[in-house]
Amino acid sequence: MTVARARVPAASTLVSTLGGVLTALLLSCHPISSASLTPQQSRGKQIFERGESAASRKVTVFLGAEEEAVPATVAPCANCHGADGHSGVTEAGITPPDITWDHLTKPYGGVTFSNEERPPYTDRLIRRAVSLGVNSAGQRLFGAMPRYQMLYTDMDDLLAYLKVLGTVAERGITDQEVHVGVILPPKGAMTAAGQAVEAALSAYFKELNAAGGIYARQVVLHSYEPPAAGDPAAGLAKFLDSQPLFALAQSFLAGAERPFTDLLRERGLPLVGAFTLFPQLDQPLNPYVFYFYPGVPGEAEALMRFAASRSGVGSLAIVYAGEKVFSGAADVAEAAISRDPGVPVRRFEVTADIARTAKQLSEANLRTALLLLPGNTATALIRECARRKPQYTLLMPGSLANSSVLEAAGDLASPSYFAMPSLPTDAAPEAVDEYRILATRHGLPPHDLPIQWQAIASAKVLVEGLKSAGRDLTATRLVTALEQLQDFAPGLTASVSFGPNRRVGLSAVRIFRLDPATKRFTPTEVAQ
């Protein structure tokens with residue numbers, strides 16, 4: 001069977017398929033390689049390139065004659081001195097000096113901006129220069145030199161990185177190739193979906209390479225399938241050690257969100273298109289992980305704001321599963337409505353006794369109930385509640401709603417509302433035609449189209465970032481380029497935007513009403 005003859009299913013089918021899929025996820029020595037950095041050097045690199053402490057400690061800077069410190073992210077060291085410490089750009093007649101270790105610590109010293117001799121720097125003198133703006137001869141450095149304030153341990157990290165600065169090759173990139181990875185779901189129920197994603201990414205990059213690649217570099221794709229059992233982060237770390245990558249695209253994080261994203265932060269490895277129901281958006285944001293969708297917490301928050309805006313919302317219940325990711329989503333949802341004292345909120349944690357929870361809801365005199373449950377659990381609860389003929393309105397994130405949930409909700413007396421951040425109808429007709437050609441040419445599988453489309457969209461965003469970052473690539477330059485991406489249209493999804501404090505590309509969430517009489521969806525509003 002060929003993909004060319006496969007037809008693209010109707011939008012409603014794709015929505016149901018996507019919801020079901022998401023629910024199933026609940027789940028040489030010169031230069032040395034960047035992968036060879038010690039953990040301390042990696043932390044120092046983050047301070048040097050981004051002005052951020054890996055431990056989220058405060059790093060500030062005094063600029064010029066200013067007496068008030070600002071966050072060091074405004075003026076990280078690499079902004080002036082270059083990512084390699086010696087390729088800074090001349091501005092206003094000032095050329096940033098070479099600050100590589102060999103240059104700073106030459107036994108015969110060096111010269112200052114005023115052409116005076118200075119002694120070689122030592123660890124202590126570099127600490128002084130960084131924090132006080134005083135050179136190794138005890139003189140004030142040029143006025144443009146920022147003065148950084150950080151804890152001693154962070155200064156230790158920065159110093160450790162400065163000692164290898166300029167000798168470290170950016171991992172996963174050569175003059176001819178840029179190496180990109182994809183994390184597939186563990187072997188099991190999602191294997192076919194993972195294979196579809198890998199096939200779609202491979203096809204897209206083959207076409208890109210045939211057209212010349214990115215600045216004459218070919219994109220080389222590597223895939224990692226975590227083991228069904230064991231420590232997923234340890235397996236990913238082993239994979240990254242064996243195959244240094246420059247970036248990741250459309251990777252499955254479900255069930256291992258925290259360990260995977262922490263590892264990516266530690267390695268300084270950008271990921272575009274983290275595929276999970278539960279984005280890790282704790283402050284401070286992980287600068288390296290970019291999501292397309294807000295996930296369950298974002299959809300739940302939008303539903304709560306929607307409920308609060310309706311007249312006669314009455315008492316509202318948040319019904320959630322006991323796992324930490326669901327209780328965390330419940331916290332986000334409750335916070336979204338906490339500013340409205342006129343809407344009392346009660347929380348119900350669902351246990352194995354579904355009938356007991358249904359009875360509690362029936363006796364609570366509710367008007368609205370938000371369900372934060374896996375699809376099968378939600379289906380069982382809805383059907384049990386339907387037996388009691390509830391009069392309250394049901395709300396549920398669309399990413400949790402599989403086909404059985406929609407069928408059960410259609411049997412309720414009152415309408416139900418579902419939040420969906422994206423629909424297949426968001427895809428531009430020309431992008432769908434482009435996909436059909438790609439599928440025919442490369443024999444892409446006819447199943448899991450929504451995930452294939454998102455994979456290609458994430459690849460397009462990554463490529464746009466790589467192009468914007470320029471030929472002289474570093475992970476920091478890629479992250480900065482992605483942060484500047486605004487209203488970029490991948491074609492197969494709605495337009496995406498990121499920013500220094502924004503890691504979810506599609507923030508708009510649409511609310512749909514399921515009419516129990518007609519069994520049809522009707523759009524109601526878009527919640528930002």
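Atom set for the values below is all heavy atoms of this structure, side chains included, hydrogens, waters and symmetry mates excluded.
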Exercise. Please lay out, stage by stage, how L406 and F521 fare under the test side-chain contact (heavy atoms from CB on, under 4.5 Å).
Key: CA-CA 10 Å; L406 301 179; F521 276 115; 3.7 Å; yes
Exercise. Determine yes or no for a side-chain-to-main-chain donor-acceptor pair under 3.5 angstrom, with Q486 supplying the side chain and F498 the backbone.
Key: yes
Practice problem: Could you pull out all residues at least two apart from E349 that satisfy side-chain contact (heavy atoms from CB on, under 4.5 Å)? | Solution: Y320
Quiz item: Backbone N or O of S497 within a donor-acceptor pair of the R502 side chain at under 3.5 Å?
Solution: yes
Exercise. Taking all non-hydrogen atoms of both residues into account, name the closest pair between G194 and L184 and its distance.
Key: O-CD2, 3.4 Å
Quiz item: So do E299 and P421 actually touch side chain to side chain, heavy atoms under 4.5 Å?
Solution: yes
Quiz item: Any side-chain donor-acceptor pair under 3.5 Å between S404 and N402?
Solution: yes
Quiz item: Taking atom CG of L316 and atom CZ of R346, what is their separation to the nearest 0.5 Å?
Solution: 11.5 Å
Quiz item: So, D433 and R436, do they make that salt bridge, N to O below 4.0 Å?
Solution: yes
Quiz item: Looking only at heavy atoms, which two atoms of K467 and I214 are closest? And how far apart?
Solution: CG-CG2, 4.0 Å
Quiz prompt | For the student: nearest non-hydrogen atoms of L269 and L245, plus distance | solution = CD1-O, 3.4 Å
Exercise. Can you see which heavy atom on V405 is nearest to which on G375, and at what distance?
Key: CG2-O, 3.3 Å
Practice problem: Assess the side chains of Q484 and S468: does a donor N or O sit below 3.5 Å from an acceptor N or O? | Solution: no
Self-check item: R441 side chain to E207 backbone, donor-acceptor under 3.5 Å
Solution: no
Quiz prompt | Salt-bridge contact R305-E301 (side-chain N to carboxylate O under 4.0 Å) | solution = yes
Quiz item: Distance-only, no hydrogens or angles: does the R503 side chain make a donor-acceptor pair with backbone N or O of G499 under 3.5 Å?
Solution: yes
Self-check item: Shortest non-hydrogen contact between R347 and D331, atoms and distance
Solution: NH1-OD1, 2.8 Å
Practice problem: Might you confirm whether atom CZ of R356 has over 12 heavy atoms from other residues, nucleotides or ligands at distances under 6.0 Å? | Solution: no
Practice problem: Flag the pair T493 / Y293 as yes when at least one side-chain heavy-atom distance between them is below 4.5 Å, and no otherwise. | Solution: yes
Self-check item: Side-chain donor/acceptor of S251 to backbone N/O of A249, under 3.5 Å
Solution: yes
Quiz item: Mind checking whether L271 and L253 have side chains closer than 4.5 Å, heavy atoms only?
Solution: yes
Self-check item: Any donor-acceptor N or O pair under 3.5 Å, side chains Y435, Q452
Solution: yes
Quiz item: Side chains of V197 and F275: does their closest heavy-atom pair fall under 4.5 Å?
Solution: no
Quiz item: Just how far is it from atom OG of S223 to atom CD of Q243, taken to the nearest 0.5 Å?
Solution: 10.5 Å
Quiz prompt | Check ion pair D231-K238 (N to O, under 4.0 angstrom) | solution = no
Exercise. Starting at CD1 of I318, measure out to CZ of F326 and round the result to the nearest 0.5 Å.
Key: 14.0 Å
Quiz item: With no hydrogens and no angle check, is any side-chain donor or acceptor of E384 less than 3.5 Å from a backbone partner on A355?
Solution: no
Quiz item: Does some side-chain heavy atom of Q454 sit less than 4.5 Å from a side-chain heavy atom of P450?
Solution: no
Practice problem: Write down the atom of L370, the atom of P397, and the distance for their closest heavy-atom approach. | Solution: CD1-CD, 4.2 Å
Quiz item: Do P445 and Q195 have side chains that get closer than 4.5 Å, going by heavy atoms?
Solution: no
Quiz item: Where do V219 and V463 land on the side-chain contact (heavy atoms from CB on, under 4.5 Å) test, with the steps shown first?
Solution: CA-CA 10 Å; V219 178; V463 168; 5.6 Å; no
Quiz item: Near R57 CZ, under 6.0 Å, is it more than 12 heavy atoms from other residues, nucleotides or ligands?
Solution: yes
Quiz item: Does any non-hydrogen side-chain atom of L466 lie less than 4.5 Å from one of R217?
Solution: no
Self-check item: Minimum side-chain heavy-atom gap L473-Y215 below 4.5 Å
Solution: no
Quiz prompt | Separation of K460 NZ from L492 CG (nearest 0.5 Å) | solution = 5.5 Å
Practice problem: Without swapping roles, check the side chain of Y224 against the backbone of L236 for a donor-acceptor pair under 3.5 Å. | Solution: yes
Exercise. May I have the step-by-step check of side-chain contact (heavy atoms from CB on, under 4.5 Å) for L277 and V325, ending in yes or no?
Key: CA-CA 9 Å; L277 296 180; V325 289; over 6 Å; no
Quiz item: For the side chain of R50 and the backbone of T73, is there at least one donor-acceptor N/O pair under 3.5 Å apart?
Solution: no
Quiz item: Strictly by modelled atom types, are Q280 and T261 linked by a side-chain donor-acceptor pair under 3.5 Å?
Solution: no
Quiz item: If you measure from CG on L482 to CZ on F290, what distance do you get to the nearest 0.5 Å?
Solution: 4.5 Å
Exercise. Decide side-chain contact (heavy atoms from CB on, under 4.5 Å) for L221 and V182; before the verdict, give the C-alpha distance in whole Å, the side-chain angles of both, and the deciding distance to 0.1 Å.
Key: CA-CA 8 Å; L221 182 66; V182 54; 4.1 Å; yes
Quiz item: What's the spacing between M420 CE and M396 CE if we round to 0.5 Å?
Solution: 10.5 Å
Self-check item: Any donor-acceptor pair under 3.5 Å from S53 side chain to K58 backbone
Solution: no
